[in-house]
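Here the structure is laid out as structure tokens; the discussion comes afterwards.
Order of the sequence lines fixes the chain letters, A, B, ..., with proteins taken first and strands second; residue numbering starts at 1 for each chain. None of the values given here were measured: they were computed from a predicted structure.
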Amino acid sequence: MAHEKKQLLRRLESAKELNRFMADYYYELNEAAISGKQKIAWCTSVGPAELLRGLGYLIYFPETHAAMLGATRMATDLIPTASAMGYSPEICSYLTADIGAFVKGITPLSTAFKGIASVPKPDVLVYNTNQCRDVLDWFNWYGDKFNVPVIGIQSHRSVGEITDSHIASITSQIENLVAPLEELAGRKLDMDAFQQAVTLSRECSDLWAKCLATASAKPAPLTFFDATTLMGPAVVGRGTLKAVKTYQLLLEELEERVDAGEGALVGEEKYRLYWDGMPVWGRLGMHSKMFAELNVNVIASTYCSSWIFSTLNPSDPFKSMAQAYTELFITRNDAYKERYIQTKLDLFGCDGILYHNARTCPNNTNCLYGMPQRLFAKTDIPFVTMDGDLNDLRCLSDEQTKTNIEAFIEQLEEMK
Amino acid sequence: MSKAYSTDKLIYGGVDVGASHTKVALIDTAGHLCGHGVRKSGVNFSATAEMCLADALQMADCTTNQVAHTVSTGYGRQNVTYATESRTEIGCHAKSCYFYFPEAITVIDIGGQDNKIIKLDPHGRRISFKMNRKCAAGTGAFLEEMATRLDIPLSDMDGLARKSTETVNIGSYCTVFSATEVLKYVRQGKKVEDIIKGLFVSVIRRVLEMDALTEKVVMTGGVVAHNPYFIDLSEEQIGRGIWTPPLPQLAGAIGAALYAKANQTSDNE
Ligand code: SF4
């Protein structure tokens, strides 16, 4: 008799809706690129999307594409192409995988969405360096390739307390984008559409925040690994009504699960972990299964909370965007980050923290300057660090990861 | 395995299938080591584990029927067909070191492929652990590689290092860079014993930078077992005494056997 495969995780029905959202999103971009009827802006993941919507642009996010290259495990084979062009394997493996894919004329979009042959050609590239400098290098390469302008915002980094001067400088940089973007779009900024985009972006962000907050329930109705894919519309669809509706459905389902006392793990949720840093895109399935087998749920993360913009305010769109895109975790100093993580640990009732030391993204890696040790001294919550990468699978060893995680869970067991 | 014999004849097994060597330890109900076996892991982990068990049983003058329970550990822990449970090598090293030194300790294990630093509280509970996983520098594999390059049997390294009169500085993180440094010293006509001592010190430095050592330090692993001079040099580096359990290469296997015993004891309670 054939052995039945043990189900470890409960699937979310509304995930299908989110997948549909992503398919529609890419088809719309593809059509616009082919017909030329609507302008396309490429934008960094925490760039000024709402403004672009107010100007009628469709927005494509290269980072989401790069994450797809990771998730489909195509990235590792593409990175060497970019390395040979002078982009070190030590720098952002989103950048190297994405440029490598472009040079080779490969995209995971064509496998996932029948009929799409390539990424949509940009009319402009718009960046914000609030996350890192790599996005600018990345966009400059494409700007050169497509011979289109690269414009954006040079953000402050390692920000402690946010001051009026921070906000004033970012606000004016966002405002200064209007004229060149109007010229490229061949139309004036529609203030109503802009404010509407800010309203919808805020709604989307609030709903996404609520979805993530359901994981404070015990057992948690979702896992970090679910959230990394469920967050797609919060990244690419913020500022649209469709994204809002998608998250309403997801929230409903998650709340139902909480009411029913049903967790994402089929088995008992013995331990609850916080994940700091990026996911290993090519190992989402493997990692979620590994943790579920150990009766561990990774319930909260810094990464998935990065698309929460609670200060967006349609009555003051420029300034509130400046505020929202400056107060992000990744833009802040370690003192802020430690307070932030500590609050999450309390809120979600975490038993331990896993720090992902992603080789090619120091910007999303928080275990390099003594933070784990400082947080442990403050909270007594044990931690483990895992060497890996977001996209480059050459930077990790599955066997070592497994031993590391198993040893950490043994440690938590002993401490109980 | 079945418990067909009276309890005083029962023994417990621990198997540590490491990247370079497989170790089996058999302990009695009091936790005393009564037999052990060590072989190169090779390419067939389960066959090697079987052979090590046979060696250990012969030494203990026991039969497989007397083995009440076996726990496996190490990279190949899933390949041990006769083990009924597995634990990580971190847990096993901690368990055996605490057995010999029941107090707050820091365990440093220098293995064939990786190093571990494990901190235990006075009750033997793990407070934290770290593994060096990215590069061979600081591991037994590094010394093996260098022995080959210098054309010296691995077993001669300890004796040669002890004869050194001048330590050469080998500072790179990376095995390839270190090899280049070694070549430089060979070219400069440095004595081989000085180069080997330099290599030992470089491994120790790589390990010591992994974590702060706060408590009593206990060292385990094959590198220490085969190169006792390593302990002296480590003591020099940290400025205080270092302890080793008897048969430091067997620490993981003994820890696994102690887990096997603990498991069965609680079962019987
Ligand atoms: S934040 Fe990290 S992963 Fe994201 S674009 Fe910058 S370097 Fe790449």
Side-chain angles (χ1 to χ4, degrees), chain A residues 89-90 271 273 280 289-291 293-294 296 351-360 362 365 367-368 370-389 392-416, chain B residues 16-19 41 45 71-79 85-95 98 107 109 111-136 139 174 209-212 214 252 255-256 258-259 262-263 266:
Chain A
E90 306 284 332
Y271 301 100
L273 298 190
V280 183
K289 188 166 162 270
M290 174 179 76
F291 283 103
E293 276 172 343
L294 294 165
V296 175
D351 302 301
I353 314 176
L354 184 150
Y355 292 90
H356 176 200
N357 180 11
R359 173 81 171 246
T360 71
T365 296
C367 56
L368 303 175
M371 190 190 290
Q373 289 74 9
R374 288 194 299 272
L375 261 177
F376 178 63
K378 280 186 205 159
T379 64
D380 253 353
I381 295 179
F383 68 88
V384 66
T385 56
M386 177 188 109
D387 290 322
D389 192 51
D392 192 342
L393 298 177
R394 297 169 301 178
C395 302
L396 63 122
S397 151
D398 292 325
E399 196 51 47
Q400 291 175 359
T401 302
K402 197 163 181 285
T403 302
N404 219 7
I405 301 302
E406 281 181 17
F408 186 56
I409 305 309
E410 283 177 359
Q411 181 184 331
L412 295 181
E413 265 163 18
E414 278 174 19
M415 287 168 61
K416 249 197 167 173
Chain B
D16 178 1
V17 185
S41 293
F45 289 169
V71 169
S72 63
T73 187
Y75 279 116
R77 59 185 179 275
Q78 308 299 351
N79 296 73
E85 195 189 325
S86 74
R87 308 286 299 199
T88 66
E89 47 271 43
I90 290 117
C92 291
H93 278 268
K95 187 96 179 159
Y98 189 75
V107 178
D109 174 63
Q113 291 293 331
D114 63 47
N115 305 318
K116 316 170 209 8
I117 293 196
I118 313 159
K119 290 184 183 176
L120 303 182
D121 73 7
H123 310 288
R125 288 178 307 203
R126 266 175 277 167
I127 307 166
S128 67
F129 68 91
K130 260 195 188 170
M131 295 162 99
N132 155 36
R133 326 294 327 234
K134 285 195 207 167
C135 179
T139 70
C174 157
E209 71 197 7
M210 282 168 62
D211 207 343
T214 45
L258 287 166
Y259 270 120
N263 176 303
S266 60

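Each of Gln411(A), Met415(A), Glu414(A) has some count of heavy-atom pairs under 4.5 Å with chain B, and the biggest count is that of Gln411(A). Taking chain A as the reference chain and counting heavy-atom pairs below 4.5 Å, the highest number among Ala94(B), Gly91(B), Gly124(B), Ser128(B) is found for Ser128(B).
Using a 4.5 Å cut-off between heavy atoms, Ile118(B) makes no contact with chain A at all. Neither the backbone nor the side chain of Lys116(B) comes within less than 4.5 Å of any heavy atom of chain A.
Side-chain contact check for Thr403(A) versus Met131(B): some heavy-atom pair is nearer than 4.5 Å. Put simply, the side chain of Thr88(B) does not reach to within 4.5 Å of the side chain of Phe408(A), judged on heavy atoms.
Glu410(A) CD to Tyr259(B) OH: the interatomic distance, rounded to the nearest 0.5 Å, is 5.5 Å.
Checked against side-chain hydrogen bond (donor to acceptor under 3.5 Å, both in side chains), Glu406(A) has the following partners two or more places apart in sequence or in another chain: Lys402(A), Arg77(B). Qualifying salt bridge (Lys or Arg N to Asp or Glu O under 4.0 Å) partners for Arg125(B), counting only residues two or more places apart in sequence or in other chains: Asp121(B).
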